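This report concerns only the one structure given below.
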Amino acid sequence: MHAMQYELTLPADYDMGIIRGRVARVGHLLDTWQGLGLKAYLMRERGVHGSPVNQYAPFYLWDTVEGMNSFLWGGAFQGLSDDFGRPSVRQWPGLAYEEGGAAGSPAQVAVRRRRPVPDGVELAEFMADAVREAGRLAAEDGAVLAAAAVDAGRWELVHFSLWAHDTPKAEGEVFQVLHLSTPGLAGLTRGRQW
C-alpha cells in the first residue's frame, strides 16, 4: 500500500460548489483505475468541522506504485494541474491498513492526522504503535477504514480514517467526503505492511 495526497487551498470566498460540481462530473473516472485501492475525493470548507480554509484534498491508497505512476504521469493528473496549477504531491509508504466495522457503508467524513516521528525514538516501537493506532481507529463505532503511513524523507507519520457519520472518533483535520472510487479496495493488504 502506498498513500498519496495533494491539497489545493482556495481563497476564503471561493465557491466550493465548483469543487462539488467538478467531483460530480469527473469522480467516476477513477472508479475502475488499475492499481488504485481507494481515492477519497475530500474537501474542507471554511467554518465546517472547524476548518480555517477552503480546500480540495483528495487522498489515495494505492495497491501498486505502477497504478500511482500511471495516474501521475499518464495524463489523468494533467487535467487538475491545468485547471489549478501543479500541486505538491505528498507520498507515504504504507504501515497498516484495516477495515472498520462500518466497511462498505457510505463515508461521510475523513480524518487525517499528520505528526512528526520524534528524534531519538525506537523506530520499530514507534511504527508498531502506529499500526496499533490504525487498528484502534478501525475498531471505533462508525469507522469505515483506517490506515497509517510514513514519509521517511520528512519523518512524518499520517493516520487516515473514513467514517460513516459526521462525528468521527479520531483526532485531526476533518474533511467532507464527496465521492469514493474503490476499484481495488478489497485487494489492499490488511494489517501491518512489513
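Not measured: the values here are computed from a predicted model.
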As a quick check of understanding, evaluate side-chain hydrogen bond (donor to acceptor under 3.5 Å, both in side chains) for H49 and D166, giving each step before the final call. CA-CA 9 Å; H49 295 294; D166 65 356; 5.0 Å; no
Just wondering, do [Y] and [X] contact through their side chains at under 4.5 Å, heavy atoms?
X	Y	value
I19	Q176	no
P58	L42	no
P183	S181	yes
L10	V53	no
K169	W163	yes

Does one hydrophobic cluster hold both [X] and [Y], with members joined at side-chain heavy-atom distances below 4.5 Å?
X	Y	answer
V26	L180	no
V144	L61	yes
V131	V117	yes
Y60	M1	no
L29	L8	yes

Please report the closest heavy-atom contact between [X] and [Y], naming both atoms and the distance.
X	Y	value
A134	A96	CB-CB, 4.1 Å
P11	N54	O-ND2, 3.0 Å
A107	L162	CB-CB, 4.1 Å
P93	V150	CD-O, 2.8 Å
P118	P116	CD-O, 3.3 Å
L38	L36	O-CD1, 3.2 Å

With rounding to the nearest 0.5 Å, note down the distance linking [atom1] in [X] to [atom2] in [Y].
X	Y	atom1	atom2	answer
Y14	Q55	OH	CD	13.0 Å
E98	L137	CD	CG	10.5 Å
T9	E7	OG1	CD	5.5 Å
L95	D129	CG	CG	11.5 Å
R113	L157	CZ	CG	8.0 Å
L72	Q78	CG	CD	11.0 Å

Is the F77-Y6 ring centre distance short of 6.0 angstrom?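 Aromatic pair counts; centres sit under 6.0 Å.
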Does [Y] offer a backbone N or O that forms a donor-acceptor pair with the side chain of [X] under 3.5 Å?
X	Y	result
Y41	G27	yes
T182	L185	no
W73	S70	no
S105	A102	yes
Q193	T189	yes

Contacts of type side chain to side chain donor-acceptor pair (under 3.5 Å), residue R192, not counting sequence neighbours: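 Here no residue qualifies.
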Taking only residues two or more places apart in sequence or in another chain, which ones pass side chain to side chain donor-acceptor pair (under 3.5 Å) with H165?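 Result, side chain to side chain donor-acceptor pair (under 3.5 Å) vs H165: T167.
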Between D119 and W155, does the side chain to side chain contact (heavy atoms under 4.5 Å, CB included) criterion hold? Intermediate values first, please. CA-CA 9 Å; D119 288 336; W155 289 108; over 6 Å; no
Sidechain N-carboxylate O distance under 4.0 Å for [X], [Y]:
X	Y	answer
R20	E45	yes
D13	R46	no
R190	E99	yes
E173	R44	yes

Tell me yes or no: between the side chains of H159 and E133, is some donor less than 3.5 Å from an acceptor?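 No donor-acceptor contact under 3.5 Å links the two side chains.
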Under the salt bridge (charged side-chain N to carboxylate O under 4.0 Å, His left out) rule, what pairs show up with a residue in residues 140-150, not counting sequence neighbours?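 As it turns out, the salt bridge (charged side-chain N to carboxylate O under 4.0 Å, His left out) pairs with a partner in residues 140-150, which skip direct neighbours, are R136-E140.
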Evaluate the criterion side chain to side chain contact (heavy atoms under 4.5 Å, CB included) for residue pair K39 and D31; output intermediate values, then yes/no. CA-CA 9 Å; K39 178 179 180 178; D31 287 353; over 6 Å; no
Under 6.0 Å from the CH2 atom of W194, do we count more than 12 heavy atoms belonging to anything else shown?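 Counting neighbours around CH2 of W194, more than 12 heavy atoms of other residues, nucleotides or ligands fall under 6.0 Å, so yes.
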For the residue pair F71 and W62, categorise the inter-ring angle as parallel (less than 30°), tilted (30 to 60°) or perpendicular (more than 60°).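 Plane angle between 30° and 60°, so tilted.
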Under the ring pair (Phe, Tyr, Trp, His ring centres under 6.0 Å) test against F160, which residue among Y97, F59, F175 passes?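 That would be F59.
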Please identify which of these residues, R112, R90, R114, meets the side-chain hydrogen bond (donor to acceptor under 3.5 Å, both in side chains) condition with Q5.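 Answer to the side-chain hydrogen bond (donor to acceptor under 3.5 Å, both in side chains) test with Q5 among R112, R90, R114: R112.
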